[in-house]
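Beneath this line is the structure, given in structure tokens, with notes to follow.
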Amino acid sequence: MHIMKVDPRSLKDNPDNTRQSKSTTQADALLLATIKAVGIIQPPVIFPETDGGNGYVIEAGHRRTRMAIAAGLDEIEVLVVEAANDNGAMRSMVENIAREPLNPVDQWRGIERLIALDWTEEAIAVALALPVRQIRKLRLLANVLPAMLDQMALGDMPNEQQLRTIAAAHPHEQKEVWKAQKPKKGQPATWFQIANALSKTRMYAKDASFGDDLREAYGIEWIEDLFAPANEDSRYTTNVEAYLGAQQEWMTNNLPKKGTIAEVTQWGDVKLPQKASRVYGKPSKGDHTAMYLDRNGKVQTVHYRMPEERKTGGKGAVVEGGATAGEDVIDAPKPRPDVTQKGLDMIGDFRTDALHEALARAPIEDDTLTALLVLAFAGLNVRVDSGATDTVFGTKRFTRHAVRLLDTDGKLSFDIDTLRVAARSMLVDVLSCRRGMSNSGIVSRIAGEAIGADGYLPNMGTEDFLLCLSRQALEASCNGTSVLPRPRVRETRAALVEHFRQGHFVHPAALFAPDPRDFAELIKQGEILEEEDVVASEKSTDGLEGELADGSAAGDTADLDVPDPEADDGAPGEDETAYAIAAE
């Protein structure tokens, strides 16, 4: 038996080789990477040909020889033995069956030895064709109790998360838990119970809002997670009580105006005051702010809106006559009014009919028409559930828009810029797409599309919104981006949040373009109401003709300024056009 160097291409395969099945591509890649990194550690075994040739036959090491050729080696060391009577069949059988792969503990010990010899984790990973993460996972074993290592050496390994939890615990704690959870001989260890017993809640520095002053005041010391990725802040503390106390004090010191510190439910959701509605869009001036700590101890901020308070005539409220509610007031005799209640009702009817007639027939400039529309929303008979700040019943918010267009004598007096501001402000208070009572419906979406409101939608590629999407919708959101769907929904969502952190994402469902079915329903409703108005107008006309036929109202129309439809002297004037519209 002696060692010699030969060209691997000159060696011949043994026809009696025990391992006839092909090796996997991954195994060949691993062996090739190892040979390129450190060469052939165990020389192949060869013997001289026995059929009169002068060549050599491989007895053991066929894969090593093939990978040496693939690595481009011109010469390799081989171990030359005498030819056996059975052409090496038994030695080949023993060599393949007796071989056993290294267990994870032995792999770790070997890795630590290489680290001591100035090998880097990356170099070891390349040489062994293993991921760097696997090398770092095995290095966690350095912090594991030796008794646990003996159990792991039997092939009974915990998963990575359990191993991280065990390795992060103090050796004394590991010893106590292992004493209580040690398995019987020949039985596997219950690693999940061991990890649960050793687990401690970690609070990370990257989620802390407080600074070094509060950290020192609460005695918080950061611990570095040596096995976390190098490009992220992995500092943490297990002093949960001190961490949360520092976060609470920071929130108290930085609470904004109209801000409160809220509690959370058992599911981690924020508890808002009763009747409060959460604001997901841009908060307005009258909205409130709630700050709270989520399950990870991170400070979160939400905005909410409270309904408008209604003033009631309770005790102490001023009532008519200057008295307060709850006091006994002696009723004084009241003089008879100039016009009775019935008379006022009749005046109201007369005014309404005249107003409607003038709106239908009188010439009105465009700017005056727009101003009248603003005034109309300040009427006492108008109720609008506004989505601007809070739910509004009545005309309080619209009065401020109307007074901009009036002078001290109560007459319309404005310039075109003031009119534009008033009209825009009125539309802001009226049109709303919020769900609930303040929803204006399809008309708000038609208005938004008409003025290009899509361009003002905020970035929706946030954790809060993407949590509301199904897997199918979330994966559809990856279209047109460099993000590929992940096996887990939360991984896909996290990748999208990171992708759109500096970008802008708007979900198609948020666009203002109205649903064709809703638009068709709107057109249908308009046609039905128009038909009802025509029928009501015809009935009114029939009643008027009946009165004229009886002679009771004959001649009453003589003083009306009604244009003659037959007198056509060219293009119809404004009065004629308005009259035609009213007649329809």
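What you see is a predicted model, and the numbers here were worked out from it, not measured in a lab.
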Calculate, to the nearest 0.5 Å, the distance between atoms CH2 and CD belonging to W191 and Q162 respectively. 9.0 Å
Less than 4.5 Å apart, any side-chain heavy atom of K271 and any of V264? no
Counting distance only, does the side-chain N/O of N196 pair as donor-acceptor with the main-chain N or O of F192 below 3.5 Å? yes
Heavy atoms, side chains only, cut-off 4.5 Å: are V45 and V78 in contact? no
For Q248 and L293, what are the C-alpha separation, side-chain angles and deciding distance, and is it a side-chain contact (heavy atoms from CB on, under 4.5 Å)? CA-CA 8 Å; Q248 287 282 353; L293 296 178; 3.8 Å; yes
Determine, step by step, whether V144 and M152 satisfy the side-chain contact (heavy atoms from CB on, under 4.5 Å) criterion, reporting the C-alpha distance in whole Å, the side-chain angles of both residues, the deciding distance to 0.1 Å, and the verdict. CA-CA 10 Å; V144 176; M152 296 178 189; 3.8 Å; yes
In T462, L466, T481, the residue satisfying side chain to side chain contact (heavy atoms under 4.5 Å, CB included) with F500 is T481
Interatomic distance, I194 atom CD1 to S199 atom OG [nearest 0.5 angstrom]: 12.5 Å
Nearest atoms (heavy-atom pairs only) where K258 meets D287: CD-O, 3.8 Å
When you measure from the side chain of D118 to the backbone N and O of T120, does any donor-acceptor pair fall under 3.5 Å? no
For T165 and A195, the nearest pair of non-hydrogen atoms, with its separation, is CG2-O, 3.3 Å
Would you say the side chains of E249 and Y218 form a donor-acceptor pair under 3.5 Å? yes
Begin with the C-alpha distance, continue with both residues' side-chain angles, and end with the deciding distance and a verdict on side-chain contact (heavy atoms from CB on, under 4.5 Å) for E77 and M4. CA-CA 6 Å; E77 289 185 344; M4 62 180 293; over 6 Å; no
side-chain contact (heavy atoms from CB on, under 4.5 Å) between R235 and I223, worked out: CA-CA 5 Å; R235 295 174 301 157; I223 303 172; over 6 Å; no
Got L73 and I76 here, is their nearest side-chain heavy-atom distance under 4.5 Å? yes
Closer than 3.5 angstrom, by distance alone: can the side chain of N296 be matched with the main-chain N or O of K298 as a donor-acceptor pair? no
Exam field: side chain R63 to backbone G61, donor-acceptor pair closer than 3.5 Å: no
Got a second to check how far L457's CG is from H507's NE2, nearest 0.5 Å? 12.5 Å
Stacked cation flag R202 on Y236, 6.0 angstrom / 45 deg: yes
At what distance, to the nearest 0.5 angstrom, does CG of L31 lie from CD1 of I40? 8.0 Å
Is a side-chain donor or acceptor of Q174 paired with a backbone partner of I166 at a separation under 3.5 angstrom? yes
Establish, from distance only, whether the side-chain atoms of T289 and H303 form a donor-acceptor pair under 3.5 Å. yes
Atom pair NE2 (H170) and CG (N143), whose distance is rounded to the nearest 0.5 Å: 11.0 Å
So, for L511 and R445, which heavy atoms are closest and what is the spacing to 0.1 Å? O-NH2, 3.4 Å
Short question: side chain of Q247, backbone of G297 - any donor-acceptor pair under 3.5 Å? yes
Any chance CD of E241 has more than 12 other-residue heavy atoms, nucleotides or ligands included, within less than 6.0 Å? no
Does H504 have more than 12 heavy atoms from other residues, nucleotides or ligands lying within 6.0 Å of its NE2? yes
Is T260 close to H288 at the side-chain level, that is, under 4.5 Å between some pair of heavy atoms? no
Does R517 CZ have over 12 foreign heavy atoms under 6.0 Å away? no
Find out whether Y456 and K282 are in side-chain contact, i.e. whether some heavy atom of one side chain is under 4.5 Å from a heavy atom of the other. no
Looking at every heavy atom in both F512 and A453, which two are closest together, and how far apart are they? CE1-CB, 3.4 Å
Whether R215 side chain and I220 backbone form a donor-acceptor pair below 3.5 Å: yes
Hey, is the main chain of T25 close enough, under 3.5 Å, to the side chain of D28 for a donor-acceptor pair? no
Filter on side chain to side chain donor-acceptor pair (under 3.5 Å), then keep only pairs touching residues 175-189, sequence neighbours left out; what's left? none
Worked verdict on E498 versus R501 for salt bridge (Lys or Arg N to Asp or Glu O under 4.0 Å): CA-CA 5 Å; E498 184 63 27; R501 192 178 301 278; 3.1 Å; yes
Using side-chain heavy atoms (C-beta onward) and a distance below 4.5 Å, is P43 in contact with R64? no
Partner of V270 by side chain to side chain contact (heavy atoms under 4.5 Å, CB included), out of V302, D294, T301: V302
Find out whether I115 and I124 are in side-chain contact, i.e. whether some heavy atom of one side chain is under 4.5 Å from a heavy atom of the other. yes
Does any N or O in the side chain of D207 come within less than 3.5 Å of the main-chain N or O of Y204, such that one atom is a donor and the other an acceptor? no
To the nearest 0.5 Å, what is the distance between CD on Q42 and CG on L79? 8.0 Å
Is the number of heavy atoms from other residues, nucleotides or ligands within 6.0 Å of CZ (R490) greater than 12? no
T252 versus I261: any side-chain heavy-atom pair under 4.5 Å? yes
Tell me if a side-chain donor or acceptor on Y243 pairs with a main-chain N or O of A208 at a distance below 3.5 Å. yes
Parallel, tilted or perpendicular: which one describes the rings of F210 and W222, with boundaries at 30° and 60°? parallel
Using a strict threshold of under 4.0 Å (side-chain N to carboxylate O), is an ion pair present between R471 and E475? yes
Taking every heavy atom of A276 against every heavy atom of Y304, the minimum-distance pair comes out as CB-CD1, 3.6 Å
Taking all heavy atoms of D74 and all of P8, pick out the closest pair and write down the distance. O-CD, 3.4 Å
Modelled atom types, side-chain donor and acceptor of T237 and E221, under 3.5 Å: no
Quiz question: by atom type and distance under 3.5 Å, do the side chains of S10 and D7 form a donor-acceptor pair? no
